[in-house]
Amino acid sequence: ALKLKPDYPEARENFYRVANWLVERWHFLMLNDHGRNRKYQQAIHKAVQSGCSTVLDIGTGTGILGMCAKKAGAAEVYACELSKTMYELACEVVAANGMEGSIKILHKKSLDMEVPTDLPHRVSLVVTETVDAGLFGEGIIESLIHAWHHLLLPPERGDGEFRGDCTSGRVIPAGATVFCMAVECLEIRRHHRLCAAEVGGLPMAAAGELRSPVSCNQEQDDSTEPYTTERLSRLPGGYRALTEPFTALTIDFNNVQELEGLSSREVREIRLPVNQGGELDALAVWFQLHLDEENSLSTGPEEDTCWEQAIYPVHSAMSFALKPRDELIVDVSCRDAYLRLCCVAVLRDGHKIYLDKRVDLQNPGKPAPNPNPEVELCSALACLQTGPSESEDFCMLECSEMALLNNQDYHQSFRLALTKLLSELKFKNGNPNTGGTAVSAVDSGLRYVLDVSEGFSLLSLIAARQGQVKAYSSVEKTKQQNVLRRLAQANGISEQHLEFWLNHTEDEQGVLQRPSREKLWTAIILDCVETCGLIRQKLMEKASLARFLLEEGGRIFPGKIVVYGMLVESDTLLLESAVQGREPTLGFNIAPFINQFTVPVHVFLDFSTLECRHLSEALELFVLDLMEAMANYTEREVKVQAIAGGRITAIPFWYQIHLDQDVSVSTLSRTSHWKQAAVVLQQPLEVHAGDWIRLAVKLHKSTISISAHI
Ligand SMILES: CCc1ccncc1CNCCCCSC[C@H]1O[C@@H](n2ccc3c(N)ncnc32)[C@H](O)[C@@H]1O
């Protein structure tokens, strides 16, 4: 169906979202990584030349490694791929490169393969790159254990005697070395822990412990993941290494006993000398993939590779300052096939300070010496909260929800705009001699504010705190509602002034209706921009419904969104969007096939750290007026002058979100929890400084498309 690529807008918009989902973005990065492809080719060539004549490519993707084996002269090449989309793609690619008859591709997971059903006999070489940023995340350990038992010839005998005919089995990559270091990084901290004692003027002590879903401590369930991934070299604000990288683990993929022993290996405790003081925010993990004795690939933050690192955020109520000469104690284990790293404690002047429990092992009765008194005080205050006891009861927030909570500008701006609106209305209606419009029958002077933000939001509380406001919140999860209730209680907001309207929405229409129909809303707060940088779907429809429900003088927040963009030349964005010709893929004809899944809008971009050349100033692309429906259009032509010569390859865009005439928030600001998006041009456009470029900007169903012409 995707190949039919219907061009009616709904399908096209869905096509983007589906294409993004069907084919992960790293396929483009990987195939454009000529260095990676070359190293695999060399290792495979050497192995085949030394006699490995039967090869299995596990997780073939586009088929590139299997084709290398064939070209290197392997007699039999098999490949398996569990994703249907990639399997079909591999079949097309192999056929297009004239190897249809000589590579047998199976739409199967390697674990479901056996001899002789799927392979006529055991093979002498398995090649695979089924690894993620945390190395084991694609199941390579389980795949190789199964391969050694069922698909590979036995490893060569320990006597080192080398049988040239390769009647023994081997794996490429031959092994991996995993590195780890402690880092300070505000961007990571903002996504995993509450960084301030107050949000939008609201003291947060009563919230109890808030956690992101990334944690590798004991209670492992499906709501948490052991690590997240980041491109450390691209994070806004950068990072600071607090320790040297240390080797957390080495693994030999040609030793099945070692592979089997991995998950039952006892937990290793490692001590990391701190050589740079700073806040301990996370452990960063990467690895070297040893393809064979000569070639290895690295996913390190300093290498110029395109890969992300695995990030293990440190969980403790408040951040913890490491000092030089401290030793960080880390537990390394491989429970249920994931690499787990946990910062356990800090060794300082002979004392063990536990990051979570703060218990001093030497004299358990006495609390540990205080790492830094103010931190201790904050967490003590947190423990004083009236709510649950501090540890077992915590509330889980998505990383994006945590980053939103740490966006002070956002909350202060809403507080300011709401205060202004409420005082305007009070003044107008409350003061008869203003000759204001007919005063609506506002019963007890109460005003109603509805917060339909997606996910966890404090805005209902910030509204209710203005006094004389009854706030309705769209927060659905019970634990999250309890956090809001606790905060309301601790901040003098009466229970009656905070309602969770999803608890008693009688019908679909009820979503935006007030309980008592005759009155209407003073303010309705809408969520407009997704964290990924796109306009939320159905925003304009929601805005028109919300407008209808406002009382005289009431407002929607935000009232207006202005889309800004910039013409840039960025090879990086090209490499993440499409395979650039044949050269990077070792001359194989792969690009046209995988590029079917290129999407013209790139999301989750950190524009502030994107390597690119600015070819224009920032310019206004589009205006969305949520208060005046008639003011809106679906397309607009904009002219912009090139300030430098070059190839326009993309147009990153972001938003100025206007809450009212004077208060606005930028999605590009330093404290922004939003990422940016970028339109990647189908054809790069060569321009000279001073050229005028015409942009045709279209917004259809929340999807922005831009075409550029001289
Ligand atoms: C320096 C490498 C690097 C470092 C850090 N980040 C990324 C990379 C780049 N590698 C990413 C590959 C990641 C995806 S794995 C590639 C393809 O293999 C498929 N699969 C996975 C397991 C599996 C199996 N047992 N049997 C059959 N098929 C299997 C997947 O469906 C996918 O299409």
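When a ligand or atom number is given, it counts from 1 through the structure's own listing order. Because the structure is predicted, anything quoted here is derived from the model rather than measured.
By the 3.5 Å distance cut-off applied to N or O atoms, Glu129 is counted among the residues near ligand 1. Between Lys109 and ligand 1, no pair of N/O atoms sits closer than 3.5 Å. Every N/O-N/O distance between Met86 and ligand 1 stays at or above 3.5 Å.
The protein non-hydrogen atom at the shortest distance from atom 30 (C) of ligand 1 is Glu81 OE2, 3.6 Å. Annotation: atom 25 (N) of ligand 1 to nearest protein heavy atom, Ser110 OG, 3.1 Å.
By the criterion of a heavy-atom distance under 4.0 Å, neither the backbone nor the side chain of Leu29 is placed next to ligand 1. Only the side chain of Phe287 comes within contact range of ligand 1, with a heavy atom under 4.0 Å; no backbone atom does.
Between the side chain of Lys84 and the backbone N or O of Glu88 there is no donor-acceptor pair closer than 3.5 Å.
Between the side chains of Glu225 and Tyr227, no donor-acceptor pair is found at a separation under 3.5 Å. A donor-acceptor contact under 3.5 angstrom links the side chains of Ser124 and Thr54, judged on distance only.
For Trp148, there are no ring pair (Phe, Tyr, Trp, His ring centres under 6.0 Å) partners two or more places apart in sequence or in a different chain. When the salt bridge (charged side-chain N to carboxylate O under 4.0 Å, His left out) test is applied to Asp252, no partner is found at least two apart in sequence or on another chain.
Within the listing of ligand 1, atoms 5 (C), 6 (N) sit less than 4.0 angstrom from a heavy atom of Ala133.
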